[in-house]
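Once you've had a glance at the structure underneath, I'll fire off some questions.
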Amino acid sequence: MPLSRLLLAWALVGAWFLVWEELGRRLAPRAGVKERQRGVGAWFRAHGRLPLAEAALLTLVAGLWFGSLGHGGWGLLFALLGLLIEVPSRFRFGHRATDGGMRRWVLIAAGVGRVLVAGGLLAWRLD
């Protein structure tokens, strides 16, 4: 698989994850914390590195999947990856949440949906 295809796929998924990160940050503001207006560089240092690293790893897994292992079943693969990413982190770090368990499951479903959309983008570009 050419490096240019992988880089383009990473850029698409990275952009999707950055948009997701910004929407999540705007829709769920921290209680009692007023955010300062910052430039793009400061925003990227604070919020952009992890989504781009996650997109790079997901792109490499997709490159292996579409390049050698298979072409079908990508939806199941990315749903399982989404569950693997979201479930442990929500239960490990949010186990003392006082707002009940339903919010946790909504966040897990949204995170799995985020990875499924990324999988669709990767299937579109790499398959």
Side-chain angles (χ1 to χ4, degrees):
M1 180 168 301
L3 181 61
S4 60
R5 286 180 69 190
L6 285 173
L7 289 175
L8 178 62
W10 171 69
L12 283 171
V13 174
W16 164 244
F17 283 175
L18 288 173
V19 166
W20 182 273
E21 182 76 21
E22 181 62 18
L23 286 175
R25 196 176 65 78
R26 288 182 184 211
L27 293 176
R30 306 286 184 238
V33 176
K34 186 174 182 176
E35 293 197 21
R36 298 180 299 157
Q37 292 292 337
R38 298 188 270 183
V40 173
W43 180 90
F44 181 77
R45 283 190 300 278
H47 304 287
R49 291 179 181 169
L50 187 60
L52 289 180
E54 186 179 9
L57 292 173
L58 200 60
T59 301
L60 290 175
V61 168
L64 284 173
W65 179 259
F66 294 119
S68 63
L69 297 174
H71 297 281
W74 66 265
L76 180 60
L77 172 73
F78 286 100
L80 290 173
L81 284 173
L83 287 169
L84 186 63
I85 292 168
E86 294 295 326
V87 171
S89 66
R90 298 288 176 201
F91 280 95
R92 187 174 298 133
F93 301 117
H95 67 281
R96 293 186 182 150
T98 58
D99 60 351
M102 190 60 175
R103 182 172 185 270
R104 177 184 300 156
W105 289 107
V106 169
L107 291 173
I108 287 171
V112 171
R114 174 184 70 105
V115 175
L116 274 173
V117 169
L121 290 171
L122 290 167
W124 173 57
R125 291 308 311 157
L126 298 177
D127 195 16

Closest heavy-atom pair and its distance - A118, L58
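What the structure gives for the nearest pair is CB-CD2, 3.8 Å.
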Does one hydrophobic cluster hold both I85 and I108, with members joined at side-chain heavy-atom distances below 4.5 Å?
yes
In Å, rounded to the nearest 0.5 Å, how long is the span from CG of L12 to CG of L7?
11.5 Å
Polar side-chain atom of W10 near backbone of L52 as donor-acceptor pair, under 3.5 Å
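Such a contact is found between W10 side chain and L52 backbone.
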Taking ring-ring contact (aromatic ring centres under 6.0 Å, His included) as the test, write out the residues that go with W20, two or more places apart.
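Once residues adjacent in sequence are excluded, the partners of W20 under the ring-ring contact (aromatic ring centres under 6.0 Å, His included) criterion are W16.
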Which pair of heavy atoms, one from P51 and one from F17, lies closest together, and at what distance?
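It is O-CD1, 3.5 Å.
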L83-W105 co-clustered via ILVMFWY side chain contacts under 4.5 Å
yes
Quick one: list whatever passes side chain to side chain contact (heavy atoms under 4.5 Å, CB included) with A9, sequence neighbours left out.
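Testing A9 for side chain to side chain contact (heavy atoms under 4.5 Å, CB included), a comparison that skips the adjacent residues, returns T59, L122, R125, L126.
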Which value, rounded to the nearest 0.5 Å, describes the distance between L80 atom CG and L116 atom CG?
9.5 Å
Can you establish whether the number of heavy atoms outside W65 located under 6.0 Å from its atom CH2 is more than 12?
yes
Applying salt bridge (charged side-chain N to carboxylate O under 4.0 Å, His left out), name anything that partners E54, two or more places apart in sequence or on another chain.
R114
Please report the closest heavy-atom contact between F78 and A62, naming both atoms and the distance.
CZ-CB, 3.8 Å
Spell out, yes or no, whether W74 and V117 are grouped together once hydrophobic residues are joined by side-chain heavy atoms under 4.5 Å, including indirect joins.
yes
Mind listing the closest non-hydrogen atom pair of V13 and L121 along with its distance?
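Here V13 and L121 meet closest at CG2-CB, 4.3 Å.
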